[in-house]
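Reading through the structure tokens given below for one structure.
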Amino acid sequence: MAKQVQLYINGEFIDSASKNMIPVTNPATQEIIAQVPCATAEEVNTAVASAKAVFHEWKETPVSERARVMMRYQALLKEHHDEIAEILATETGKTFDDAKGDVWRGIEVVEHAANVPSLLMGESLENVARGIDTYSYTQPLGVCAGITPFNFPAMIPLWMFPLSIACGNTFILKPSEQDPLTPTRLVELFEQAGAPKGVLQVIHGGKDQVDMLLDHPDIRALSFVGSVPVGQYIYRRGTENMKRVQAFAGAKNHCVIMPDADKNQVINNLVGASVGAAGQRCMAISCAVFVGKAKEWIPELAEALAKVRPGAWDDKDAGYGPLISPQAKDRVLSMIQQGKDEGADCLVDGTECQVEGFPDGNWVGPTFFSKVTADMEIYKNEIFGPVLCGMEAESLEEAIALVNANPFGNGTSIFTANGAAARKYQHEVEVGQVGINVPIPVPLPFFSFTGWKNSFYGDLHAYGKQAVRFYSETKTITARWPEAGIAQGPNMTIELK
Ligand code: NAD
């Protein structure tokens with residue numbers, strides 16, 4: 001019997017009383033490596049009650065002490081980087097280097113969280129009126145919660161709980177049921193870093209457990225990362241329950257290729273950005289828009305894509321791993337079939353992909369369509385697999401119009417040698433994260449992760465200064481300390497002089 005993943009409630013790892021288990025599988029073999037419980041209502045309520053009970057003490061813990069927990073945590077994560085990456089690779093199928101990257105991007109957010117004292121500083125101005133000063137403080141909200149997707153089981157939980165907790169909140173994490181072992185290890189190390197009991201709690205499960213968090217009156221703010229339908233649902237139900245919600249959702253990211261770009265750079269970058277991590281990245285390039293003569297590079301790009309070979313996580317020559325589940329594989333295969341039926345030109349077809357020694361893996365080979373048009377389903381939907389859609393435009397203006405008409409707005413990039421074209425693109429494109437000769441423009445944590453349109457519901461984004469605002473309230477104080485007593489008589493106006 002595979003081991004049962006434990007809940008983490010009030011500083012203790014405990015077995016759930018639930019009989020409802022979801023198997024966690026190795027996606028290269030289908031071997032069941034763990035069973036994840038769907039926490040009972042009582043367990044979820046206990047976790048929230050415990051997070052609420054320790055909030056006051058944690059909020060009163062000096063900010064420098066809270067920051068020091070993050071410093072120790074960063075050091076521990078670095079010390080255990082390879083070990084975490086191996087757990088992550090086993091349950092997601094990511095190649096070892098890619099798994100290390102997943103962990104590393106999370107470590108960078110913990111580093112950012114260690115800077116929380118300066119991030120939390122408010123504003124002040126003296127003499128806003130005669131003898132009156134105004135200043136603001138940033139205070140934590142209370143109990144916050146995070147619901148995370150399968151595709152970055154280290155990075156995305158680390159986008160959420162370290163910053164929220166560093167701000168003085170307590171936090172309930174509900175990781176993806178498809179890969180809960182990586183977050184479990186992250187939480188063990190957080191405890192080892194000296195985080196007091198109860199500031200972080202972990203409950204497992206799926207929709208029912210998420211609903212319990214969405215409806216719980218003691219949860220003040222909720223961060224979500226995942227697909228569009230679930231993101232919309234969570235945003236609606238969370239805000240209906242008067243919570244602060246940020247919901248990061250799906251994507252269709254375009255790369256615009258100008259004919260003056262460096263051809264080799266374009267091809268090398270597009271290969272990695274489209275099929276890397278089996279295309280299971282919210283910032284993957286899933287659509288390449290060739291402007292004018294750049295379309296002449298399509299055959300060479302097809303050749304380069306066809307050379308990429310998926311494989312097991314510890315195969316050093318593998319370009320990427322399997323899809324997360326047989327259901328995800330079936331979905332991607334049916335989208336590929338749909339693209340063929342719709343009349344797109346399938347130049348590289350990954351549907352018959354086999355990996356020696358792993359007959360049961362969820363493999364899909366690199367797939368490249370050209371002649372994709374905006375009315376096709378393979379263009380309109382996020383495929384979330386190693387599939388690149390090739391499109392053509394006559395001019396930069398036409399390419400910008402195409403990208404802007406797309407309902408998603410997570411990331412985009414332009415490859416060009418022309419500064420004016422790049423400037424026009426960055427200014428006019430309606431997408432939240434833009435790369436110029438950079439294929440996947442994920443900002444480092446001192447900036448924020450700023451998806452737009454159907455890729456994000458809410459206003460304050462992940463990490464950077466925006467996340468600190470999301471996880472806190474601002475209190476503004478107006479103070480007068482008269483030297484010789486307050487002026488005589490009531491003041492009947494609102495005017496301050
Ligand atoms: P998902 O929406 O299926 O699941 C995400 C989380 O929501 C999981 O914890 C899951 O248990 C929970 N959930 C699933 N169904 C639910 C329901 N009906 N009600 C309430 N909760 C539910 O997403 P996924 O397949 O794990 O992740 C892939 C998706 O995440 C892709 O669409 C990808 O683009 C997106 N993503 C977006 C970003 C971003 O920053 N915009 C980053 C990473 C992933």
Side-chain angles (χ1 to χ4, degrees), residues 5 20 22 24 27 36-39 44 91-92 94 102 105-106 109 145-160 172-180 182-183 202-215 222-238 245-253 277-286 323-325 327-329 331-332 335 362 381-385 407-412 431-433 440-443 445 448-458 461-464 466-467:
V5 182
N20 188 1
I22 303 170
V24 181
V36 66
C38 295
V44 174
E91 63 179 345
T92 62
K94 285 190 189 191
D102 187 332
R105 296 313 294 256
V109 184
I147 296 145
T148 55
F150 80 83
N151 69 326
F152 282 99
M155 178 184 84
I156 293 181
L158 292 173
W159 277 10
M160 298 178 184
I172 314 280
L173 177 68
K174 204 302 284 171
S176 170
E177 63 279 28
Q178 298 192 84
D179 43 19
T182 306
V202 184
I203 58 127
H204 290 289
K207 180 181 186 323
D208 290 347
Q209 289 62 37
V210 172
D211 285 348
M212 293 175 204
L213 297 176
L214 284 168
D215 295 343
L222 209 135
S223 301
F224 166 82
V225 180
S227 59
V228 165
V230 182
Q232 290 185 344
Y233 167 75
I234 283 179
Y235 190 75
R236 288 202 179 99
R237 188 155 170 173
V245 180
Q246 53 173 201
F248 299 81
K252 195 82 182 177
N253 305 311
Q280 299 175 116
R281 290 178 178 143
C282 67
M283 288 288 280
I285 292 293
S286 48
L323 292 181
I324 190 70
S325 65
Q327 294 78 4
K329 175 181 170 173
R331 204 186 139 270
V332 171
M335 295 290 297
N362 310 317
N381 295 294
E382 180 183 44
I383 300 176
F384 224 53
F408 295 103
N410 217 29
T412 186
V431 173
Q433 300 170 100
I440 302 190
V442 176
S448 296
F449 186 94
T450 53
W452 284 16
K453 302 200 284 191
N454 266 353
S455 299
F456 178 70
Y457 308 108
H461 291 85
Y463 58 78
Q466 293 197 23

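Note that ligands are numbered from 1 as they come in the structure, with each ligand's atoms numbered from 1 the same way. Fair warning: this is a prediction, and the values are worked out from it, not measured in the lab.
Judged purely by atom type and a 3.5 angstrom limit, H204 has no side-chain atom pairing as donor or acceptor with the backbone of P175. Panel note: side chain N253, backbone I285; no donor-acceptor pair is recorded below 3.5 Å. Using modelled atom types, no side-chain atom of R331 and backbone atom of F384 make a donor-acceptor pair closer than 3.5 Å. Of the possible donor and acceptor atoms, one in the side chain of S176 sits under 3.5 Å from a partner among the backbone N and O of Q178. Under a 3.5 Å cut-off, the side chain of S455 and the backbone N or O of G250 do form a donor-acceptor pair. K174 places no side-chain N or O within donor-acceptor distance of the main-chain N or O of V202, the cut-off being under 3.5 Å. The main-chain N or O of A251 is never found under 3.5 Å from a side-chain atom of N454 such that the two would form a donor-acceptor pair. In terms of modelled atom types and a separation under 3.5 Å, the side chain of Q280 and the main chain of N151 share no donor-acceptor contact. A donor-acceptor pair is defined here as one N or O able to donate and one able to accept, closer than 3.5 Å; no such pair exists between the side chain of D179 and the backbone of P153.
Remark: ligand 1 atoms within the under-4.0 Å shell around heavy atoms of F248 are 39 (C), 40 (O), 41 (N). Close approach to W159 involves these atoms of ligand 1, each under 4.0 Å from a residue heavy atom: 40 (O). Residue-ligand proximity, I147 to ligand 1, at heavy-atom distances under 4.0 Å covers atoms 6 (C), 7 (O), 9 (O). For ligand 1, the atoms closer than 4.0 angstrom to any heavy atom of N151 are 43 (C), 44 (C). Every atom of ligand 1 with a heavy atom of F384 under 4.0 Å away is listed here by number and element: 28 (C), 31 (C), 33 (C), 34 (O). Atom numbering of ligand 1 starts at 1 in the shown order; those under 4.0 Å from a heavy atom of V210 are 20 (C), 21 (N).
Looking at ligand 1, you'll find an N or O of E177 within less than 3.5 Å of one of its N or O atoms. By the 3.5 Å distance cut-off applied to N or O atoms, F150 is counted among the residues near ligand 1. Polar contact with ligand 1: present for T148 (N/O pair, distance under 3.5 Å). Below 3.5 Å of separation, one finds no N or O of K207 facing any N or O of ligand 1. Below 3.5 Å of separation, one finds no N or O of D211 facing any N or O of ligand 1. Geometrically, ligand 1 and G226 share a nitrogen or oxygen pair separated by less than 3.5 Å. Between K174 and ligand 1, an N or O atom pair is found at a separation short of 3.5 Å.
Ring pair Y463/F449 is perpendicular by interplanar angle, where above 60° counts as perpendicular and below 30° as parallel. The aromatic rings of F248 and F456 sit tilted, their planes meeting at an angle between 30° and 60°.
Ligand 1 lies out of reach of F152, whose nearest heavy atom is not under 4.0 Å from it. Under a 4.0 angstrom heavy-atom cut-off, F449 registers as being in contact with ligand 1. The shell of residues lying under 4.0 angstrom from ligand 1, judged by heavy atoms, includes A249. The shell of residues lying under 4.0 angstrom from ligand 1, judged by heavy atoms, excludes F408. For the pair I156 and ligand 1, a heavy-atom separation below 4.0 Å is found.
At a 4.0 Å heavy-atom cut-off, ligand 1 touches E382 through the side chain alone. Contacts of F456 with ligand 1, taken as heavy-atom pairs under 4.0 Å, are absent altogether.
For atom 18 (N) of ligand 1, the nearest protein heavy atom is under 4.0 Å away.
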Notebook entry, point to check: Should W159 and T148 be marked as a side chain to side chain contact (heavy atoms under 4.5 Å, CB included) after you check the CA-CA gap, both sets of side-chain angles, and the distance that decides it?
Noted result: CA-CA 10 Å; W159 277 10; T148 55; over 6 Å; no

Next item on the list: Check the pair L222 / Q246 against side chain to side chain contact (heavy atoms under 4.5 Å, CB included), numbers first and verdict last.
Entry: CA-CA 7 Å; L222 209 135; Q246 53 173 201; over 6 Å; no

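Of all the heavy atoms in I324 and T92, the pair that sits closest is CD1-CA, 4.0 Å.
What sits closest to atom 7 (O) of ligand 1 on the protein, heavy atoms only, is F224 CE1, 3.4 Å. With hydrogens left out, the protein atom closest to atom 23 (O) of ligand 1 is S227 N, 3.5 Å, a heavy atom. With hydrogens left out, the protein atom closest to atom 15 (N) of ligand 1 is V230 CG2, 3.6 Å, a heavy atom. Ranking protein heavy atoms by distance to atom 27 (O) of ligand 1, first place goes to P149 CB, 3.3 Å.
Of the candidates C282, G250, A284, it is C282 that places a heavy atom closest to atom 39 (C) of ligand 1.
Side chain to side chain, E91 and T182 meet the donor-acceptor criterion of an N or O pair below 3.5 Å.
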